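Have a look at the structure below before the remarks.
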Amino acid sequence: MDPVIMQELARAESQQDAASLKRAYQLIKSANLGKSEFDPTESFSPDLFVLCAEQALKMGQPEVSEDCIRMYFKVKGPVTQFLGRAHLCRAQLCAPKSTENMEEFENCVTQYMKAINFAKGEPRYYFLVYNASVLYWQMVRPFLKPGYHHRLIPSLSQIVSVLNQTEEDDKGWRAELMLELLECYLQAGRNEEAAKLCATAAPFIKANAPLKYRQIFALMVRHELMDELQLKEEKRSSISLSVTFQINELKAKLDKNDLSEDTNNILKDTYKCLSYYNHQNFPSIREEKILLLFELAHLSLILKCGEITSDCLSDLKKMDSKDPGKLIEIECLEYELEAVRLADKIKIYTREAVETQLNIVQRLDTVLQRAVRLGDPRVIHVVCATQWNTCLPLLQHDLRHRLRKPLASIAEALEKVDSLMVLFRCQVHMEMAYIEEGADRLEPAMEHLRKAVLLDTLGLYQDTLRMALNRLHLCATPCQVPERTEDKATLAIEQAKKTMPEDSVRKKRALLVTAGLALAPDTFQIVLDSENEAKGVQALSAAHTRLNPPALDLRPHGPQVLVCSLLSPLCVTKHLPWRGGGLHSLEARSLRPRG
């Protein structure tokens, strides 16, 4: 029987034949029930449950996989590699569908850890430890966003420890996971543990994955994870580390808002140091120099040192890169430098400056479409960040409607690559909602607000977003009488705001009075009564004045009724620093075959 089932599974794998998989599944199920069409005494291996489950997972049939794994654990087969593989199947089947469901997450992690703990004690099963780490990392990617990193620390630290314990041959993969664990510690504010990790991770990465060492060195400098004297000693070993040290020291000061007056001189010294990096004689360092030039150029833009940015841009063009992604990044740098040079004029909104800025936005929108076609998530992030920074000065009441298309392109591009820069995406959707509302397109505005609510993982804008969403819902359904008094006031204020200029003051006043009475009926009624009394006194005084004009009128003015609008801008927009990543998209890795 086993050979027949194996043939069906082999055909299903090689030809992606769903019918062969179904036949194999039916044979396995019949054999498990003791109703095989073959000789009942013929051998049947429990391993076939797992093999069928794995193939069903690959072919998108989780129900078949789940049933096979259930049958495998029920028969309690011998302890072999298939036990670990069964746990990996079960982990994939119970992967969380949302970052909000932490119970599913914990259950999934438990299955991965069962597979790892089973395999780590037997060298011939070490391939399962590697496979578990790859599948685990694919599963946790949605949790690599603000507010969730701390949830990964317990499991990721165990996986890194076991990979070190089994002396995993793929040292680049171990280095990647160490860096990601370090990032989790930093995002969770656990700097002491981050420093302890650096003590072991830095020497390992330097010896076994030298191309990644600059990355951990940059984090150590920026977050002060190592003794300063030791870092300064380390930077003397290469031009690359020296430049990295100076760039990240400035970033650290920028984070603390502690920049000194000689910032421009430091940038110039850094650029001068980088110019000694001879990529022509040593082509192997060409890519690293390009990355450093980009990093220095963008930092110089943030620090308003356009001269250094211009020099870096000139060097990048001379290096004549054929990489289409790098060419797009160079183009973005040019546009952002052009926009920075307009900064003084754009502050006073001269017509010429505004038109030039809008032209840059239009050109960047075209560049973004090219980046999307290229399909490189890192390049897409760079273009989106540049476009956002260029749009920021134009997000004014009478200009924002002209940014609807470019902002929609940013939102769409980041959603397409499932960007982990969720707060950036949240702000884009908030601005889009404001634009749509201004054009009286309430349904699209509400859709953008709903997306923003889901993306606000730190809860920075939740109250504002929910109030705005409720307000738009009330405006979209004016025929329904709100139950809450606050909603009645909101609806009245919105109707007053939308009255036409030719509408009578009486109509506008009636709506505002309705809002006031809904919010504070007793207090507001006293104000109205006093206003009526004041009007009566004013009328009598006017009659008296006509008969006996005074030399000087010293009477106080009548009370004024003030009703505050419930509306406030949806968000405080923020300049987005350039980021080379944002996706945590590690190099695609294949699982290893069984040992």
Side-chain angles (χ1 to χ4, degrees), residues 96 99 102 105-106 108-110 112-113 116 129 132-134 136-165 168 170-228 230-231 234 241 244-245 247-249 251-256 419-424 457-460 577 579-587:
T99 52
M102 291 310 299
F105 172 77
E106 294 296 342
C108 183
V109 168
T110 299
Y112 280 121
M113 296 315 299
I116 288 171
V129 176
S133 69
V134 172
Y136 164 87
W137 190 249
Q138 292 170 357
M139 181 274 291
V140 301
R141 186 187 174 281
F143 294 86
L144 295 169
K145 56 187 180 183
Y148 286 88
H149 288 82
H150 66 284
R151 299 184 187 276
L152 305 186
I153 290 174
S155 51
L156 183 55
S157 59
Q158 285 186 65
I159 289 174
V160 168
S161 176
V162 174
L163 286 172
N164 290 336
Q165 179 185 329
E168 167 58 43
D170 191 341
K171 294 181 172 59
W173 177 239
R174 288 163 64 184
E176 287 278 13
L177 291 185
M178 285 177 180
L179 285 167
E180 292 296 341
L181 178 58
L182 178 58
E183 188 68 32
C184 286
Y185 280 131
L186 293 173
Q187 291 292 330
R190 294 160 65 167
N191 284 32
E192 287 186 13
E193 289 163 282
K196 288 179 183 177
L197 176 62
C198 283
T200 55
F204 173 83
I205 293 174
K206 187 175 184 179
N208 298 286
L211 294 178
K212 301 180 190 298
Y213 183 67
R214 195 179 69 82
Q215 190 177 343
I216 194 171
F217 182 76
L219 290 171
M220 290 191 294
V221 173
R222 187 167 183 175
H223 298 280
E224 300 173 353
L225 301 177
M226 190 180 283
D227 180 68
E228 187 178 358
Q230 196 173 346
L231 288 170
E234 186 73 14
L241 293 183
T244 300
F245 179 89
I247 288 175
N248 284 277
E249 197 171 45
K251 286 182 179 179
K253 291 179 180 178
L254 185 61
D255 293 338
K256 298 174 184 176
S419 169
L420 294 173
M421 294 176 68
V422 290
L423 296 183
F424 173 28
T457 56
L458 292 180
L460 300 177
R579 291 184 58 178
L583 274 187
H584 294 267
S585 53
L586 302 183
E587 180 184 346

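Values below: every heavy atom of this structure, side chains too, minus hydrogens, waters and symmetry copies. Just so it is clear, the structure is predicted and the values come from calculations on it, not from any experiment. Along the sequence shown, residues carry numbers from 1.
Here the closest non-hydrogen pair linking Val422 and Ser419 is CG1-O, 4.0 Å. In terms of heavy-atom proximity, Leu181 sits nearest to Ile153 at CD1-O, 4.3 Å. Residues Val221 and Glu249 share a closest heavy-atom pair of CG1-N, 3.8 Å. Scanning all heavy atoms of the two residues, the minimum distance from Met178 to Leu197 falls at O-CD2, 3.7 Å. Pairing each heavy atom of Arg141 with each of Leu420, the nearest pair is O-CD2, 3.6 Å.
Counting heavy atoms from C-beta outward, Arg174 and Asp170 have side chains that stay 4.5 Å or more apart. Considering only heavy atoms from C-beta on, Thr200 stays 4.5 Å or farther from Asn164 through its side chain. Inter-residue side-chain proximity for Val109 and Met139 is flagged as met; some heavy-atom pair is nearer than 4.5 Å. The shortest side-chain heavy-atom distance between Leu152 and Leu144 falls under the 4.5 Å cut-off. Residues Lys145 and Thr99 meet the side-chain proximity criterion, which asks for heavy atoms closer than 4.5 Å.
With rounding to the nearest 0.5 Å, the separation of CG in Leu182 from CG in Asn191 is 9.0 Å. Between the CD atom of Glu180 and the NE2 atom of His149 there is a distance of 7.5 Å, given to the nearest 0.5 Å. Here Glu193 contributes atom CD and Cys198 contributes atom SG; the two are 12.0 Å apart, rounded to the nearest 0.5 Å. Here the straight-line distance linking atom OG of Ser133 with atom CG of Leu163 works out to 5.0 Å at 0.5 Å rounding.
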*Derivation of the side-chain hydrogen bond (donor to acceptor under 3.5 Å, both in side chains) call for Ser155 and Tyr136*: CA-CA 9 Å; Ser155 51; Tyr136 164 87; 2.6 Å; yes
*In sequence, state the C-alpha distance, the side-chain angles, and the governing distance for Leu231 and Met220, and then conclude on side-chain contact (heavy atoms from CB on, under 4.5 Å).*
CA-CA 8 Å; Leu231 288 170; Met220 290 191 294; 4.1 Å; yes
*Apply side-chain contact (heavy atoms from CB on, under 4.5 Å) to His223 and Asn248, showing your working.*
CA-CA 9 Å; His223 298 280; Asn248 284 277; over 6 Å; no
_Worked verdict on Trp137 versus Ile159 for side-chain contact (heavy atoms from CB on, under 4.5 Å)_ = CA-CA 10 Å; Trp137 190 249; Ile159 289 174; over 6 Å; no
_Let's go through Glu183 and Leu179 carefully: what are the C-alpha distance in whole Å and the side-chain angles of both, what is the deciding distance for side-chain contact (heavy atoms from CB on, under 4.5 Å) to 0.1 Å, and is it a yes or a no?_
CA-CA 6 Å; Glu183 188 68 32; Leu179 285 167; over 6 Å; no
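One N or O on the side chain of Thr457 and one on the backbone of Pro146 form a donor-acceptor pair closer than 3.5 Å. A donor-acceptor pair is defined here as one N or O able to donate and one able to accept, closer than 3.5 Å; no such pair exists between the side chain of Ser161 and the backbone of Ser157.
Between Phe217 and Phe245, the ring planes lie tilted relative to each other; the angle falls in the 30° to 60° range. Relative ring orientation between Phe105 and Phe143 is described as tilted, the plane-to-plane angle lying within the 30° to 60° band.
Listed by first and then second residue, the salt bridge (charged side-chain N to carboxylate O under 4.0 Å, His left out) pairs involving residues 213-223 are Arg214-Glu288, Arg214-Glu295, Arg222-Asp255 (not counting sequence neighbours).
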Extract all donor-acceptor atom pairs below 3.5 Å that involve side chains of residues 202-212 and protein atoms in other chains or at least two apart in sequence.
from	atom 1	to	atom 2	distance (Å)
Lys206	NZ	Glu234	OE2	2.5
Asn208	ND2	Phe204	O	3.0
Lys212	NZ	Glu176	OE2	2.8

